**Q** 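Below is one structure. I have some questions about it.
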Protein chains: 4
Amino acid sequence: MEKKMSRPKDSASRILNAADELFGELGYDAVSISDVARKAQVNKALVFYYYSSKAELFEQVIERYYAAHAAVLAAVARRPMSVRQRLHDMLDAYFRFMATNWRYPRLIQQQVSSNGPHLESIQRNLAMLFESIRVPLEDLAVQRPETSARQFFVTFSGMVINYFTYAPVLSAMWGTDPLAEAELAARRSHLHWVLDGMLDKLDRESAQS
Amino acid sequence: MEKKMSRPKDSASRILNAADELFGELGYDAVSISDVARKAQVNKALVFYYYSSKAELFEQVIERYYAAHAAVLAAVARRPMSVRQRLHDMLDAYFRFMATNWRYPRLIQQQVSSNGPHLESIQRNLAMLFESIRVPLEDLAVQRPETSARQFFVTFSGMVINYFTYAPVLSAMWGTDPLAEAELAARRSHLHWVLDGMLDKLDRESAQS
Amino acid sequence: MEKKMSRPKDSASRILNAADELFGELGYDAVSISDVARKAQVNKALVFYYYSSKAELFEQVIERYYAAHAAVLAAVARRPMSVRQRLHDMLDAYFRFMATNWRYPRLIQQQVSSNGPHLESIQRNLAMLFESIRVPLEDLAVQRPETSARQFFVTFSGMVINYFTYAPVLSAMWGTDPLAEAELAARRSHLHWVLDGMLDKLDRESAQS
Amino acid sequence: MEKKMSRPKDSASRILNAADELFGELGYDAVSISDVARKAQVNKALVFYYYSSKAELFEQVIERYYAAHAAVLAAVARRPMSVRQRLHDMLDAYFRFMATNWRYPRLIQQQVSSNGPHLESIQRNLAMLFESIRVPLEDLAVQRPETSARQFFVTFSGMVINYFTYAPVLSAMWGTDPLAEAELAARRSHLHWVLDGMLDKLDRESAQS
DNA sequence: GATGAATGAGCGTTCATTCAT
DNA sequence: AATGAATGAACGCTCATTCAT
C-alpha cells in the first residue's frame, strides 16, 4: 500500500504558504487555523504539530520575508558606486522586492497599524533597513531637520509600501491592476523621478551654501 | 438633587469615543464589545442599544472622521490662490488633520491592509480626496506616466499617512515621540521641502520642453 | 395642545391584539416584546405597564379566547333538542368558533406540543369542553372502550383543531386557502358526514345488541 | 486498559438523542444547546463539532423520524389486499408508528403551529403521506366535497396525531397514561371503529346511488 | 399614561489549543 | 507524521425586565 500520496511540497511548507496567502489577504485576526489547514489541505492539528501556535505561524511567515529582504539589501550594499546611484539602486531593489512579495508590506502594515504582537521583530527589521539608507544619505548632505535621514526614510518607505497596501483600493478606483507590469513600471519611474528631484534639490542647496 | 450621576458626555458618545480609541489602537478584530463597554463605563448591552452592531459602531467612528476630513478639504478648496500655493496648502491641511486625528489614518490602514469589510466607504472617501488633488496637478504639467496625478496622489498620501501609522514603531526606534510638537514640525517642513523639490523639477522640465 | 392623538383602540387593547396576532402566527418564543410593541405602535416599556410580564400577556390572549369559547358552548347547551341534533349543533358551533378564531387552536397547539407554561389553564378549559360533550354521548350508547366519550372527544377535537393548525401547510400543499369560505364549507360538511356515520353505527350496534 | 471511558453510544448519537428528547418535550425554542450538551454529557462546543448549527441538529432529529416513517409506509404499501383492508392496515401502521415515536408528532405540531423554519421539509413529508392515502380512497368512492381524499386525510391524521400531542394534558385530565398499553389499545380500536363507520357509510351511499 | 435608558442573564457560535491514538 | 475528538474561553448579540422621569 502507498504512503498517502504527499503533495509536491511537504505539509510544513504547504501550511506556511497557506498562512502567508491568507494572512496577507485577510489579516491575522480574520484568519482561523481551520482556514489555514483547509487551504493547505492538512489536518487542523497538524498545524500545531509544525508551528506551536498561531502567533508563531505568523512569525514564521514574516521571518521568511525578512530573510529574503535582508539578502536583497545585502546584495545592493555590496556593489560599489556613487551615492546617487546607490540610492537609486536601493530604491529600485526595495520596490522590486515589494512588487514581487506584495503580501509582505500588507502584513507589516496590518501589524503596525494595530499594534500587533509582532511589532518588536518588525522594529528590528526596520532598524536594519534604516541603517542601510542612513549612511549614504548622511554622506550626501548636511542634516537639517527637513532633510534628515529619518525623514527620507519615512518618506521613501511610505511611497513604496503604501502603493502595495492600497493596491486593492486603487485597483477598484482606477480600473487598472496596480500589480500589472505596465502599472508597476509607471510607479517605478515615478519613484526614481521623485528621488532625482530630491537629489537635485539637495545638490542645489549644498552648492548654494 | 444631582442630574443622575452621568459622565460629562452621554453614554452614546462615550461609547463612540471609547470605540475610536480602542479600534485605533488595537484594530477592529482585536477589540471586543466588552472592551469598548468597559472603557466607556457602560453596560455591554447598551452598546447595542445605541449602535446596532459592532460593524455599525466602527462605521460611525470612521464616518465622523470622514465628515471632519471633508470639511477641512472644502475649507482649503475655497481659498483662491496659485497652484503651487494651493498644493502646499492642501498638503499642510492634510498633514495637520492627520496629526490631530492620528488614529484616523491607522483605522484606514487597518482596513485597507486586511481587506476589511469597510473598504467600500474608504474607497469613496479616497476617490473624493483624489479628485481634490487631481485638478491642480493636471493644471500644472503634462501628464507623463511618471508625473501623473495618480502617482503624486499615492506618493503624498503615503508620505503623510505612513508617518502616523508607523508612529509607535518610530518612537521606539528613535526614542522620540513622533507626535510631539517638535517632531511634527520637522516632518511638516520635510514634506513641504519634498513638494518644492517636485514642483521645481516640473517647472524645469516644462521650461525645457 | 392636543393630548397625543390616541388610536381608535386604546394602547392596552392594541397591545393585546398585536400579541394575539404575533403569538398566533409565530409562537410564543419566537415573538419578542419589542415585536409586540412595534406592531402595536407603543413603547416597549408600556407593554409592561399594562401586562406585568410576557407570560401574563400571553395568558390574557388565551383568556380572551376562553371566555368567548365558553360563551358559545353555553349558548348551544341552552337549546333543548334531540341528542343527535345536539351533537351536530355542538360540532358546528365548535367548528365555526375555530374558523372565526383560527389563531386560537394554533396557540393551544403550540402550548400543548411543547409543554408550555400555560398547560394548566388549557387543561381547565379542555375539561370544561369535555364535560359538555360527555353527557349527550353517554346518553347515546353503552360505553365500550372503542366508543367511550373520551375517544370521541379526542377524535372530534383532533378533526377540527388540526384542520386549522395545518392550514398554512395544507394551503401550500393544495394551492387553495383552507380558510376561504368554500373550503370551510367543504370541511364542515365533511365533519357532519363523519358524525352521521358514527351515529348511524352506534344506532345499528345498539339495535343489534 | 479501558476503551477510553465513553458511554454506550458515541457522542454524536448521544447528542442527537438528547436533542430528540428535549426538543420533543419542550420545543425547539425552549431548548438551548447548553441543555442538549448537558443532557448528552458532552461539551457544548462538541455539539457544533458534529452538527453545524442548532437548526441542523433539529433537522437531523426529524430527518431520522422521516426515514423511519417512510420505511413503515413503504412496508404497508407493498402488501396486496382489498381496499378496505388496506385502509385499516395503513391506519394501524400509522398509529403504531406514532405510538412508538410519540415525540415525532409533537415535533411536527410545534413547527406547524408556529410556522417554524422547518415547515418545508414537513410539507414534503406530509405530501408523501397524503399520496399514499389518496389512491386507495379515490378507488373507493366518488369524490364529493364531504368525502374527498383531502378531508379524510386531515381527519385521520388529526385523529391520530392529536392523541399523542395531547397525551400530557389528557393524562392529567383523566388520571391514566395515554401511552400505556391498555389506553393505546382502546384508542386503536376506536380508530378502527371510526374507519369502519365511514367505510360502511360510503358503501351504503354508493349502493344507494 | 408613556418613554428612553439601562442592565443581567443567557444564547448560538467560533476558535486556538490539547490529547490519545 | 497525522488525525478525529474534545474543551474552555470568549465573542457578538438578544431579550425580558426595571426605573427615573
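For clarity, every value in this text was computed on a predicted model and none was experimentally measured. These numbers come from the heavy atoms of this one structure, side chains and all, not from hydrogens, waters or symmetry mates.
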**Q** How far apart are the C-alpha atoms of C:Asn125 and C:Tyr65, what are their side-chain angles, what is the distance that settles it, and do they pass the side-chain hydrogen bond (donor to acceptor under 3.5 Å, both in side chains) test?
**A** CA-CA 10 Å; C:Asn125 200 250; C:Tyr65 280 120; over 6 Å; no

**Q** Classify the side-chain pair D:Ser11/D:Tyr50 by whether it contains a donor and acceptor separated by less than 3.5 Å.
**A**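 No, no side-chain donor-acceptor contact under 3.5 Å.
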
**Q** Report the distance from atom CD of C:Glu56 to atom P of F:dT18, rounded to the nearest whole Å.
**A**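 The distance from CD of C:Glu56 to P of F:dT18 comes to 12 Å, rounded to the nearest Å.
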
**Q** Find the distance between CD (C:Gln109) and OG (C:Ser114) and round it off to the nearest 0.5 Å.
**A**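 The distance works out to 10.5 Å.
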
**Q** Can you check the C:Arg38 CZ to F:dC15 C1' distance for me, whole Å?
**A**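 Rounded to the whole Å, the gap is 12 Å.
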
**Q** Which residues satisfy the side-chain hydrogen bond (donor to acceptor under 3.5 Å, both in side chains) test with C:Asn101, sequence neighbours excluded?
**A**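 Result, side-chain hydrogen bond (donor to acceptor under 3.5 Å, both in side chains) vs C:Asn101: none returned.
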
**Q** Which residue, A:Ala12 or C:Ala55, contacts DNA chain F at a nucleotide closer to its 5' end, judged by nearest heavy atom?
**A**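 Its nearest nucleotide being more 5', the pick is A:Ala12.
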
**Q** Determine which bases of DNA chain F form Watson-Crick or G-U wobble pairs with both distances under 3.5 Å, and write the result as a 5' to 3' dot-bracket string with | for other-strand partners.
**A** .||||||||||||||||||||

**Q** Counting just side-chain N and O atoms, does A:Tyr50 come under 4.0 Å of either OP1 or OP2 of F:dA2?
**A**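 Yes, A:Tyr50 has a side-chain N/O under 4.0 Å of OP1/OP2 on F:dA2.
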
**Q** Extract from the structure each pairing of a protein N or O with an N or O of nucleotides 8-10 of chain E at less than 3.5 Å, listing the distance.
**A**
| residue | atom | partner | partner atom | Å |
| --- | --- | --- | --- | --- |
| E:dG8 | OP2 | B:Asn43 | ND2 | 3.1 |

**Q** Does B:Ser11 put a side-chain nitrogen or oxygen below 4.0 Å from OP1 or OP2 of E:dA6?
**A**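 For E:dA6, OP1 or OP2 has a side-chain N or O of B:Ser11 closer than 4.0 Å.
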
**Q** As a test of understanding, state which of D:Arg64, D:Glu56, D:Glu63 forms a side chain to side chain donor-acceptor pair (under 3.5 Å) with D:Gln60.
**A**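 Looking at D:Arg64, D:Glu56, D:Glu63, the match for D:Gln60 under the side chain to side chain donor-acceptor pair (under 3.5 Å) is D:Glu56.
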
**Q** Please work out which residues in residues 18-31 of chain B have a non-hydrogen atom less than 4.0 Å from an atom of DNA chain E and list them by number.
**A**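 Output list: empty, so none.
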
**Q** Just to verify, what does B:Ile33 make a side chain to side chain contact (heavy atoms under 4.5 Å, CB included) with, not counting sequence neighbours?
**A**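 Side chain to side chain contact (heavy atoms under 4.5 Å, CB included) list for B:Ile33, sorted by chain: B:Lys44, B:Val47, B:Phe48, B:Lys54, B:Leu57.
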
**Q** Judged by each residue's nearest nucleotide on DNA chain F, which is more toward the 5′ side, C:Ser53 or A:Val42?
**A**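 Nearest nucleotide further toward 5': that of A:Val42.
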
**Q** Judged by atom type as modelled, is there a donor-acceptor pair below 3.5 Å linking the side chain of D:Ser13 to the main-chain atoms of D:Leu16?
**A**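 No: the side chain of D:Ser13 does not pair with the backbone of D:Leu16.
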
**Q** Separation of B:Ile33 atom CD1 from F:dG12 atom P, in whole Å?
**A**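 Checked: the CD1 to P distance equals 6 Å.
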
**Q** With a sphere of 6.0 Å drawn around CD of D:Glu120, does it hold more than 12 non-hydrogen atoms of other residues, nucleotides or ligands?
**A**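 Counting other residues, nucleotides and ligands, CD of D:Glu120 stays at 12 neighbours or fewer.
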
**Q** Please report the interatomic distance CZ(A:Arg106) to OG1(A:Thr165), rounded to the nearest 0.5 Å.
**A**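 Here the rounded value is 7.0 Å.
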
**Q** Less than 4.0 angstrom between a side-chain N/O of D:Tyr49 and OP1 or OP2 of F:dA5, yes or no?
**A**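 Yes, because at least one side-chain N or O of D:Tyr49 sits under 4.0 Å from OP1 or OP2 of F:dA5.
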
**Q** Please name all residues satisfying ring-ring contact (aromatic ring centres under 6.0 Å, His included) with C:Phe58, sequence neighbours left out, ordered by chain then number.
**A**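 If we apply the ring-ring contact (aromatic ring centres under 6.0 Å, His included) test to C:Phe58, skipping adjacent residues, the hits are C:Phe23, C:Tyr28, C:His118.
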
**Q** For B:Phe58 and F:dG12, what is the distance between atoms CZ and P respectively, to the nearest whole Å?
**A**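 Answer to the nearest Å: 14 Å.
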
**Q** Atom CD1 of B:Ile15 and atom P of E:dT7: how far apart are they, to the nearest Å?
**A**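 Rounding to the nearest Å, CD1 of B:Ile15 and P of E:dT7 are 10 Å apart.
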
**Q** Using modelled atom types only, decide if a donor and an acceptor are shared between the side chain of A:Asn115 and the backbone of B:Glu25 within a distance under 3.5 Å.
**A**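 Indeed, once roles are kept as given, a pair shorter than 3.5 Å links the two residues.
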
**Q** Is B:Lys39 paired with B:Glu21 through a side-chain N to carboxylate O contact shorter than 4.0 Å?
**A**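 B:Lys39 and B:Glu21: salt-bridged.
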
**Q** Rounded to the nearest Å, what distance is computed from the OH atom of residue B:Tyr51 to the P atom of nucleotide F:dT14?
**A**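 The answer, rounded to whole Å, is 17 Å.
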
**Q** Between A:Lys54 and D:Asp35, name the one whose nearest nucleotide on DNA chain E is closer to the 5' end.
**A**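 Closer to the 5' end of DNA chain E: D:Asp35.
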
**Q** Rounded to whole angstrom units, what separation is found between the CZ atom of B:Phe48 and the C1' atom of E:dC11?
**A**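 Taking atom C1' of E:dC11 as the reference, CZ of B:Phe48 is at 13 Å.
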
